[in-house]
> 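Got a structure here, written out as structure tokens. Questions coming.
Lettering follows sequence order; numbering is per chain, from 1.
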There are 2 protein chains.
Amino acid sequence: MAEGGGAGSAGGENLLFLTDEQLRKGIEAMFFAYRGFTADPDRILEARGYGRAHHRAIHFINRQEGQTVNTLLAMLGVTKQSLNRVLRTLIEDGLVESRVGRKDKRERHLFLTEAGRALERSLTEAQRGRMRAAYRTAGPEAVAGFRQVLEAMMDPDLRRHYQSMKDGGS
Amino acid sequence: MAEGGGAGSAGGENLLFLTDEQLRKGIEAMFFAYRGFTADPDRILEARGYGRAHHRAIHFINRQEGQTVNTLLAMLGVTKQSLNRVLRTLIEDGLVESRVGRKDKRERHLFLTEAGRALERSLTEAQRGRMRAAYRTAGPEAVAGFRQVLEAMMDPDLRRHYQSMKDGGS
DNA sequence: CTGTTTACGTCAGCCTTGTTGACTTTCCAA
DNA sequence: TTGGAAAGTCAACAAGGCTGACGTAAACAG
């Protein structure tokens, strides 16, 4: 393998896209793009006294309602103590509800309240706005490539989390 | 409005790639990929008692040797107090050298020492390793798309910084 | 020459968000 | 029934953002 994976037709076999300079460019692209990626939701969060950690929690609770704290932990890759602090403020502020498990009373199942869902929507919409614009500018083929490269860049464990919630409905 | 910008040939006019689900997938791809992106250098840094902030400083000093503190500040988008703390430890540890400007003596020009350059190489090599693997897996066309989307996602100001240091030789 | 601006550094203090360690409560298995 | 494992909470610490205030030296404008 290594022979340029799919190597469609553009670059061909010369592997020009693997030069150190190209790789450095990719690294810096990730750095600058990630800043843009988080900028819009950050503004909304700041106005309410929250940080990125709150955003992440809200996002993943929304994605899978009724999730336990442990599941969420695995997604986020932080310690339970760290998550707990964020979670506590969200619960106090009435954005998240934590229900004791019916089968296993050690577990807490997490849900967004109406207010939580509203904040989630506004955060996601802000982030989607930029993503949508970028997608539109770049076009569908570029988007496919974008997703392929990102997926290949993930740690295998995280990639499983990513893939676990499949594309659209199906 | 919004009639699909470039819309090359693949997805066509249906704009399937702009559904909310596709956008959510893109958002999560960014999130998980960025974790992978920083994981390898983070391990090296931790062993030496440094953090990501040190990595960023070293990276950008290397990219443009002799840069002033102010220029670096603009790249990194942090306050001078924040940068200074990091910079001070790097200078104390002999990884970075700060020379008073010859023309304008108020300015400090930043350089990596031999030790600094060595650390920079090991950090970059770690990060490039993953990037290279991802590029190879995805292929040159995907890489082009990846870069296009990332670039479109940047804030215009940051995009200028990104573009200012052009691709390889040329 | 004088006053202002610029570039840089520093001290102090705050906040978010990561960490480890110690502790309860609950479940389950020997 | 008892002991360990698992889920979650509390406490304390560190990194690295931030603001604000201040100091110094050099440059520049009048």
> Between atom CE of M154(A) and atom CD of E28(B), what is the distance when rounded to the nearest 0.5 Å?
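The distance works out to 9.0 Å.
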
> I need the CG-P distance between L45(B) and dA15(D), as an integer number of Å.
14 Å

> Please report the distance, rounded to the nearest Å, between CG in L90(B) and C1' in dA15(D).
14 Å

> Using side chain to side chain donor-acceptor pair (under 3.5 Å) as the criterion, list what pairs up with Q81(A), not counting sequence neighbours.
none

> For R88(A) and dC10(D), is the shortest distance between a side-chain N/O and OP1 or OP2 below 4.0 Å?
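Yes.
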
> Listed by chain and number, what are the side-chain contact (heavy atoms from CB on, under 4.5 Å) partners of T71(B), not counting sequence neighbours?
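Testing T71(B) for side-chain contact (heavy atoms from CB on, under 4.5 Å), a comparison that skips the adjacent residues, returns Q67(B), T68(B).
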
> Please compare T68(B) and G49(A) by the position of their nearest nucleotide in DNA chain C and report the one closer to 5'.
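Looking at DNA chain C, the more 5' nearest nucleotide goes with T68(B).
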
> Residues two or more places apart in sequence or in another chain: which of them pass side chain to side chain donor-acceptor pair (under 3.5 Å) with N62(A)?
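In terms of side chain to side chain donor-acceptor pair (under 3.5 Å), with neighbours along the sequence ignored, N62(A) is linked to E120(A).
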
> Please determine if a side-chain N or O atom of N70(B) lies less than 4.0 Å away from the OP1 or OP2 oxygen of dC8(C).
yes

> Between dC18(D) atom P and R43(A) atom CZ, what is the distance in whole Å?
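Roughly 15 Å, once rounded to whole Å.
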
> Quick one: L73(B) CG to dG9(C) P, roughly how many Å, whole number?
10 Å

> Residues two or more places apart in sequence or in another chain: which of them pass side chain to side chain donor-acceptor pair (under 3.5 Å) with H54(A)?
T89(A)

> The criterion is side chain to side chain donor-acceptor pair (under 3.5 Å); which residues satisfy it with Q64(B), sequence neighbours excluded?
none

> Nearest whole angstrom, please: distance from the C1' of dG8(D) to the CD of Q67(A).
16 Å

> Grab the CG-P distance between N84(B) and dC22(D) for me, whole Å please.
19 Å

> Going 5' to 3' through nucleotides 17-30 of chain C, assign each nucleotide B (protein heavy atom under 4.0 Å from a base atom), S (under 4.0 Å only from sugar-phosphate atoms) or - (no protein heavy atom that close).
BBBBB----BS---

